[in-house]
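The structure appears below as structure tokens.
In what follows, chains carry the letters A, B, and so on, assigned in the order in which the sequence lines appear, proteins first and then strands, with residues in each chain numbered from 1.
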Number of protein chains: 2
Amino acid sequence: MARTSGSHSQITGPRLRAAALRLFARHGYAAVSMRQIAAEVGVQAGALYNYIPDKQGLLADLMRSHLEELLAAWDLEPKGTGPLDALEAFTRFHIRFHLERPDAVFIAYMELRNLDPRNFAEIEALRKRYETGLEDILRAGRAAGVFDLPDTKLATLAVIAMLTGVTTWYRPGGRLSAERVAALYWEMVRKAVGA
Amino acid sequence: MARTSGSHSQITGPRLRAAALRLFARHGYAAVSMRQIAAEVGVQAGALYNYIPDKQGLLADLMRSHLEELLAAWDLEPKGTGPLDALEAFTRFHIRFHLERPDAVFIAYMELRNLDPRNFAEIEALRKRYETGLEDILRAGRAAGVFDLPDTKLATLAVIAMLTGVTTWYRPGGRLSAERVAALYWEMVRKAVGA
DNA sequence: GTGTTATCTGAACGTGCGTTCAGTTCAATC
DNA sequence: GATTGAACTGAACGCACGTTCAGATAACAC
């Protein structure tokens with residue numbers, strides 16, 4: 001009894017991606033079966049292959065679209081004037097964006113090892129591009145004498161790790177609002193870069 | 001042809017744990033099969049069950065012994081006098097200890113979701129105890145007026161995330177020595193806590 | 001009302017999984 | 001030199017995996 005009511009192609013596709021995102025984040029790519037995803041979508045496993053080439057392609061797609069969305073959103077973000085404004089913008093943007101997509105963030109950072117080499121290179125390049133955005137800010141601020149940094153590259157990695165760590169413990173409705181968390185982190189980041 | 005030369009029980013056990021640590025860290029718990037581990041040890045898969053109850057027990061064992069080693073080592077670490085010394089000791093200890101065991105660290109932070117509830121509670125308690133060590137230092141320093149922190153709990157998580165992040169990019173023989181990395185991170189941590 | 005086509009089912013494919021266990025081998029013991 | 005027992009093999013267990021595909025169904029075009 002296929003096609004039980006109306007056309008589903010524009011429903012099943014997004015639902016597949018949403019279910020995969022949730023399950024991969026919760027249990028890990030390797031631990032989730034296509035049948036589990038299909039059950040969540042409300043469909044048999046075979047039907048999923050109308051929307052994806054294979055399981056590996058599904059994972060790569062999820063990561064690619066997350067990172068492309070991240071880069072596009074950061075491009076549109078107002079960055080104020082000068083490195084200090086830009087760093088604050090980055091900090092607040094990073095926390096806000098990541099807290100809104102905890103599952104996608106987790107997958108993009110944790111399932112890199114499950115990508116085959118071709119996909120890995122592509123995804124890693126996107127991540128690198130995002131990191132470079134922060135590194136440029138730090139370098140500019142250092143050159144302008146606004147920041148006091150012993151090592152720009154290391155500071156980039158340290159700040160990103162610190163900010164991304166928020167997603168491991170933050171839960172909506174907890175002690176602190178996302179806005180408050182961003183403010184507190186910005187204070188720590190500002191001090192850490194010596195500004 | 002079992003027992004091809006000499007008694008192996010004191011060799012196979014550690015080799016099993018070493019192989020599992022390496023493979024779990026590289027590919028993830030769910031993606032590694034008992035047969036892969038056995039092949040690395042140089043034994044048939046069935047022989048592994050002389051040393052472990054099951055695959056889940058192997059994972060729990062690896063995480064438990066890593067965290068117990070971490071707590072024991074931190075207990076023995078000289079902490080100087082006062083919160084500032086203690087925080088520096090923690091920073092340097094954490095980086096040194098973690099850089100020496102990248103595989104175990106990765107597993108302990110990433111495979112929590114693959115523990116069954118009983119094991120999870122136990123492992124999570126050990127992790128919490130370690131975090132509390134840092135939180136106590138920060139709270140003491142704040143009370144003594146040595147640190148300037150908007151939120152002690154949040155600072156604890158931020159510092160741990162920042163420091164643990166080192167393991168994601170550090171490679172021996174790279175641009176910076178472990179000692180130098182620790183020094184640079186200590187400078188950033190010190191600034192971040194307002195000291 | 002007929003034909004077309006997108007969408008899905010249900011069964012099957014070969015493969016590999018974690019785990020068990022009877023049997024084999026060999027160092028150690030007496 | 002017989003006995004013991006730790007350490008391991010090799011085969012098997014039932015099950016679940018990712019993926020394919022012929023056939024069924026229902027919405028749509030005319």
Side-chain angles (χ1 to χ4, degrees), chain A residues 1-24 26-63 107 111 113-116 118-119, chain B residues 1-24 26-63 107 111 113-116 118-119:
Chain A
M1 39 187 137
R3 213 80 171 304
T4 51
S5 73
S7 177
H8 286 165
S9 72
Q10 272 142 23
I11 298 179
T12 303
R15 292 232 294 176
L16 159 55
R17 297 170 61 86
L21 207 61
R22 226 180 55 84
L23 290 172
F24 286 169
R26 201 95 66 205
H27 308 292
Y29 170 77
V32 173
S33 72
M34 298 304 286
R35 286 173 176 82
Q36 280 176 61
I37 298 173
E40 190 119 330
V41 176
V43 114
Q44 293 297 318
L48 302 181
Y49 290 83
N50 290 324
Y51 303 93
I52 56 164
D54 49 28
K55 196 187 179 189
Q56 165 76 204
L58 170 58
L59 175 62
D61 257 16
L62 291 176
M63 297 172 87
I107 290 171
E111 302 292 358
R113 62 186 172 187
N114 284 310
L115 291 173
D116 60 31
R118 194 198 204 82
N119 287 326
Chain B
M1 40 188 140
R3 213 72 171 311
T4 49
S5 73
S7 178
H8 287 166
S9 70
Q10 273 142 23
I11 298 178
T12 304
R15 293 232 296 176
L16 158 57
R17 296 169 61 85
L21 207 62
R22 226 180 55 86
L23 290 171
F24 286 168
R26 200 96 65 207
H27 308 292
Y29 170 77
V32 173
S33 72
M34 297 304 287
R35 286 174 176 81
Q36 280 175 62
I37 299 173
E40 190 119 331
V41 176
V43 115
Q44 292 298 317
L48 301 182
Y49 290 84
N50 291 323
Y51 303 92
I52 56 164
D54 49 29
K55 194 187 180 189
Q56 165 77 205
L58 170 58
L59 176 61
D61 258 14
L62 291 176
M63 296 174 86
I107 291 172
E111 302 292 359
R113 61 186 173 187
N114 284 310
L115 291 173
D116 61 32
R118 194 197 206 83
N119 287 326

Which residues pass the side chain to side chain contact (heavy atoms under 4.5 Å, CB included) test with [X], not counting sequence neighbours?
X       : answer
B:Leu58 : B:Leu16, B:Ala20, B:Phe24, B:Ile37, B:Ile52, B:Leu62
B:Ala18 : none
A:Glu40 : A:Ala19, A:Arg22, A:Leu23
B:Ala39 : none

Please report, rounded to the nearest Å, how far the [atom2] atom of [N] is from the [atom1] atom of [X].
X       : N      : atom1 : atom2 : value
A:Met34 : C:dA12 : CE    : P     : 21 Å
A:Tyr49 : C:dT7  : OH    : C1'   : 17 Å
B:Gln36 : C:dG18 : CD    : C1'   : 13 Å
B:Ile11 : D:dC8  : CD1   : C1'   : 14 Å
B:Ile52 : D:dA7  : CD1   : C1'   : 15 Å
A:Gln56 : D:dC17 : CD    : P     : 18 Å
A:Gln44 : D:dC17 : CD    : P     : 13 Å
B:His27 : C:dC17 : NE2   : P     : 13 Å

Are [X] and [N] close enough that a side-chain N or O sits under 4.0 Å from OP1 or OP2?
X       : N      : result
A:Thr12 : C:dC8  : yes
A:Tyr51 : C:dC8  : yes
A:Ser33 : D:dA16 : no

Heavy-atom side-chain proximity of A:Tyr49 to A:Met34 below 4.5 angstrom: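 They are in contact (side-chain heavy atoms under 4.5 Å apart), so the answer is yes.
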
Do B:Lys55 and B:Tyr29 come close enough that some side-chain heavy atom pair is under 4.5 Å?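 Yes, their side chains come closer than 4.5 Å.
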
What N/O pairs connect the protein and nucleotides 11-13 of chain D at under 3.5 Å? Give each pair on its own line.
from   : atom 1 : to      : atom 2 : distance (Å)
D:dA12 : N6     : B:Arg35 : NH2    : 3.2

Hey, which sits more toward the 5' end of DNA chain C by its nearest nucleotide, B:Tyr29 or B:Ala47?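 Result of the comparison: B:Tyr29.
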
Closest approach to the side chain of A:Asn50, judged atom by atom: which nucleotide of D:dG18, D:dC8, C:dT7 is it?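 Minimum distance to the A:Asn50 side chain belongs to C:dT7.
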
Got a sec, which residues hit salt bridge (Lys or Arg N to Asp or Glu O under 4.0 Å) with B:Arg26, two or more places apart in sequence or on another chain?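 By the salt bridge (Lys or Arg N to Asp or Glu O under 4.0 Å) rule, B:Arg26 matches no residue at all.
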
Pick base, sugar-phosphate or nothing for B:Val32, based on heavy-atom distances below 4.0 Å to the nucleic acid.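 Sugar-phosphate, no base atom in range.
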
